[in-house]
S.K.: 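Mind having a look at this structure? Questions to follow.
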Number of protein chains: 2
Amino acid sequence: MKKGPLETLITGVDTRTSHSQVVDVLGRAIISGEFPVGTILPGDQDLAMRFKVSRTVLREAMKTLAAKGLIVPRARIGTRVTARNQWNLFDSDILTWHFHNGIDEDFLTHISEVRMAFEPHAAALAAIHATEAEISHMMRLAVAMGDPAHTPESLAVADLRFHLAVAEASANPFMRSVGSLIEAALVGIFKLSSPAADREGIEDVSRNHIRIVEQISRRDEAGARAAMEVVIRVGRARVRVAMDDVPQTVAG
Amino acid sequence: MKKGPLETLITGVDTRTSHSQVVDVLGRAIISGEFPVGTILPGDQDLAMRFKVSRTVLREAMKTLAAKGLIVPRARIGTRVTARNQWNLFDSDILTWHFHNGIDEDFLTHISEVRMAFEPHAAALAAIHATEAEISHMMRLAVAMGDPAHTPESLAVADLRFHLAVAEASANPFMRSVGSLIEAALVGIFKLSSPAADREGIEDVSRNHIRIVEQISRRDEAGARAAMEVVIRVGRARVRVAMDDVPQTVAG
DNA sequence: AAAATCATATCATATGACAATATCGGTGTC
DNA sequence: GACACCGATATTGTCATATGATATGATTTT
């Protein structure tokens with residue numbers, strides 16, 4: 001099973017193959033602006049030497065980045081860093097790399113906006129399409145979030161599982177594809193402040209999530225949408241407060 | 001400038017490099033289920049021979065597909081086709097490949113649902129953040145859609161430009177990333193039936209789009225959201241009608 | 001001055017070899 | 001007979017080198 005940004009950030013970066021290492025370093029360098037948008041990055045030979053890998057490996061890494069829309073190669077010209085609006089921001093790796101520079105409030109705000117657009121809709125669709133099995137599964141996950149023994153990490157994971165389950169229950173494959181975005185948001189929230197800090201916070205979170213399942217179970221589209229909106233709004237508010245406390249960006 | 005699915009589908013597939021050809025054929029084969037999910041696809045050597053390319057090129061193509069989440073390689077095991085819910089459906093290529101098998105009503109319905117979740121929100125954000133320059137730009141694009149000389153192709157392109165401009169004006173980079181999705185939707189609609197067929201249709205479309213800009217210009221979030229919802233609903237209805245006329249899938 | 005040509009730098013492709021890794025099957029022991 | 005160990009083996013991962021394709025910019029020609 002592939003590790004998402006959440007597990008990856010917590011357990012440490014995956015450094016199995018030299019290919020993935022190069023991809024990682026180059027990707028982060030581009031995202032961070034070390035290689036600014038529009039510029040040509042060093043040639044194959046040069047980069048291969050810098051990373052101490054063969055040109056083969058370097059080129060495969062470039063193809064990986066190109067596939068995500070970060071760079072575009074042209075013969076004789078070189079390989080250019082593409083404009084930001086061409087990057088596939090829903091790519092799990094790209095999201096992860098964004099957080100390696102530090103946590104940017106604007107970025108988290110943008111993610112919250114997207115979640116606000118997406119997840120209430122997904123909840124409404126789930127109210128239409130969810131099977132009974134899916135509903136009881138979601139309910140179990142929502143209840144599990146209330147376990148007072150949760151650490152910030154385990155709560156974040158439980159949170160993620162729930163939201164992915166809702167996306168799955170919406171029966172729309174695109175909703176599930178937003179999963180990596182949800183992960184990124186939870187990573188950000190998790191690193192800033194966790195409701196697992198106090199028992200009350202945990203109970204609140206769990207209750208709010210249970211409410212979503214109840215609405216879905218009643219097949220109440222509008223109710224499910226509203227309940228989901230509450231959850232996202234709370235998460236966003238938590239980010240805001242935390243950012244005010246720590247106006248500096250937090251190192252990744 | 002990179003060609004999106006719309007131009008690509010209209011002008012013909014891009015077959016510059018042998019790399020992109022291999023990526024294209026393999027990608028389509030995977031999406032279409034020719035290589036079913038969960039199965040191991042043939043080894044490097046084998047595939048390289050089939051495509052009559054070197055192993056270098058084949059492997060770079062594999063890295064491209066892996067970067068999009070379609071496959072995952074494991075030493076000694078082989079390269080496995082990943083589960084559908086791990087594919088990055090917002091990737092422009094993956095969307096394009098979906099339409100090469102034929103137009104699937106469910107798929108278009110899912111895209112419409114996502115647009116319905118996304119674009120009204122983007123319009124509302126644009127009502128907050130759009131600059132005067134962006135507003136007049138959007139207005140020009142909306143008006144340009146009313147040109148009675150439009151062919152189905154040119155109308156689809158104008159349509160796309162408008163929706164991308166709105167996404168851009170939302171000042172949220174994620175909204176812009178949904179551009180490839182919008183393209184895919186327009187390709188689908190365009191291939192089924194075009195409002196450019198009659199002058200009335202063109203005027204209708206243009207008027208509806210102008211209304212969006214008017215609401216944005218008035219900084220009316222709710223109004224902009226509602227106006228955008230109308231446009232998407234109309235597009236979806238057109239798909240439904242066309243699908244009823246032609247219940248068979250249409251060859252890509 | 002404009003157009004055609006050529007040199008050159010960079011990416012694209014090919015080939016052959018070796019290394020790393022994980023399965024599978026055989027071997028031996030209990 | 002069951003289980004643990006271990007090596008043969010197949011597949012991806014990495015490397016080094018050579019050649020082709022392509023687009024730029026300087027050079028030459030008209």
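Naming: A, B, ... by sequence-line order, numbering from 1 per chain. Note that these values count all heavy atoms, side chains included, but never hydrogens, waters or copies made by symmetry. Bear in mind that the values here come from a model prediction, so they are computed numbers and not experimental data.
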S.K.: In degrees, rounded to 10°, what is the bend between the two ends of the helix from dA1(C)-dT30(D) to dC30(C)-dG1(D), using five pairs at each?
M.R.: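 For the helix from dA1(C)-dT30(D) to dC30(C)-dG1(D), the axes at either end differ by 10°.
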S.K.: Shoot me the first and last contacting nucleotide of DNA chain C against chain A, ordered 5' to 3', at under 4.0 angstrom to non-hydrogen atoms.
M.R.: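 Here the contact window of chain A covers dT8(C) to dT13(C).
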S.K.: Distance check, rounded to the nearest 0.5 Å: I71(A) atom CD1 versus T39(A) atom OG1?
M.R.: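 One finds 11.0 Å between CD1 of I71(A) and OG1 of T39(A).
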S.K.: Is it the case that H121(B) and E113(A) place a side-chain donor and acceptor less than 3.5 Å from each other?
M.R.: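 Checked: H121(B)/E113(A) side chains show no N/O donor-acceptor pair below 3.5 Å.
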S.K.: Locate the shortest heavy-atom distance separating G27(B) from L70(B); write the atom from each residue and the value.
M.R.: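 Minimum heavy-atom contact is CA-CD1, 4.5 Å.
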S.K.: H98(B): what forms a ring pair (Phe, Tyr, Trp, His ring centres under 6.0 Å) with it, not counting sequence neighbours?
M.R.: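 In terms of ring pair (Phe, Tyr, Trp, His ring centres under 6.0 Å), with neighbours along the sequence ignored, H98(B) is linked to F107(B).
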S.K.: Please identify each residue that fulfils side chain to side chain donor-acceptor pair (under 3.5 Å) with T64(A), with sequence neighbours left out.
M.R.: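 Listed in chain order: H19(A).
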S.K.: The criterion is side chain to side chain donor-acceptor pair (under 3.5 Å); which residues satisfy it with R59(B), sequence neighbours excluded?
M.R.: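 Residues passing side chain to side chain donor-acceptor pair (under 3.5 Å) with R59(B): E60(A), D44(B).
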S.K.: Send over the distance from D46(B) CG to dA10(D) C1', rounded to a whole Å.
M.R.: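 Taking atom C1' of dA10(D) as the reference, CG of D46(B) is at 14 Å.
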S.K.: Whole angstroms only, please: what is the CD1-P distance between I40(B) and dT11(D)?
M.R.: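 Answer to the nearest Å: 11 Å.
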S.K.: Sequence neighbours left out, what pairs pass salt bridge (Lys or Arg N to Asp or Glu O under 4.0 Å) with at least one residue falling in residues 32-41 of chain A?
M.R.: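 Residue pairs with at least one partner in residues 32-41 of chain A: there are none.
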S.K.: Using heavy atoms to find the nearest nucleotide of DNA chain D for T56(B) and G43(B) separately, return the residue whose nucleotide is more 5′.
M.R.: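 Its nearest nucleotide lies further toward 5', so the answer is G43(B).
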S.K.: In chain order, what residues pass the ring pair (Phe, Tyr, Trp, His ring centres under 6.0 Å) check against F35(A), with sequence neighbours excluded?
M.R.: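 Ring pair (Phe, Tyr, Trp, His ring centres under 6.0 Å) check on F35(A) returns nothing, list empty.
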S.K.: Of D91(B), I30(B), L89(B), N88(B), which is the lone residue that meets side-chain contact (heavy atoms from CB on, under 4.5 Å) with K68(B)?
M.R.: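 For K68(B), the side-chain contact (heavy atoms from CB on, under 4.5 Å) check succeeds only for D91(B).
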S.K.: Looking only at side chains, do W87(B) and T82(B) share a donor and an acceptor under 3.5 Å apart?
M.R.: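 Yes, a side-chain donor-acceptor pair sits under 3.5 Å.
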S.K.: Drop me the distance from H129(A)'s NE2 to E134(A)'s CD, to the nearest 0.5 angstrom.
M.R.: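 H129(A) NE2 to E134(A) CD: 10.5 Å, rounded to 0.5 Å.
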S.K.: Could you pull out all residues at least two apart from D147(A) that satisfy salt bridge (Lys or Arg N to Asp or Glu O under 4.0 Å)?
M.R.: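 Residues passing salt bridge (Lys or Arg N to Asp or Glu O under 4.0 Å) with D147(A): none at all.
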S.K.: Looking at residues at least two apart in the chain, or sitting in another chain, which of them share a side chain to side chain donor-acceptor pair (under 3.5 Å) with S154(A)?
M.R.: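 S154(A) satisfies side chain to side chain donor-acceptor pair (under 3.5 Å) with H150(A), T151(A) once adjacent residues are dropped.
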S.K.: Are H110(B) and F174(A) an aromatic pair, judged by ring center distance below 6.0 Å?
M.R.: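 No: the rings miss the under 6.0 Å criterion.
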S.K.: Among residues 47-55 of chain B, which ones have heavy-atom contacts with DNA chain C below 4.0 Å?
M.R.: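 V53(B), S54(B), R55(B) - these, ordered by number, are the residues of the stretch whose heavy atoms sit under 4.0 Å from the strand.
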S.K.: Looking only at side-chain atoms of R74(A), point me to the closest of dT22(D), dT24(D), dG13(D).
M.R.: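 Of the options given, the side chain of R74(A) lies nearest dT24(D).
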S.K.: Between residues 57-67 of chain B and DNA chain D, which residues have a heavy-atom gap below 4.0 Å?
M.R.: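 By residue number: R59(B), K63(B).
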S.K.: Mind running a 4.0 Å heavy-atom check of residues 76-83 of chain B against DNA chain D and sending the residues that fall below it, in number order?
M.R.: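 When residues 76-83 of chain B is checked for heavy atoms under 4.0 Å from DNA chain D, the hits, listed by number, are R76(B), G78(B), T79(B).
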S.K.: Could you state the interatomic distance from OG1 (T79(A)) to CZ (R74(A)), rounded to the nearest 0.5 Å?
M.R.: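 Rounded to the nearest 0.5 Å, the OG1-CZ separation comes out at 11.0 Å.
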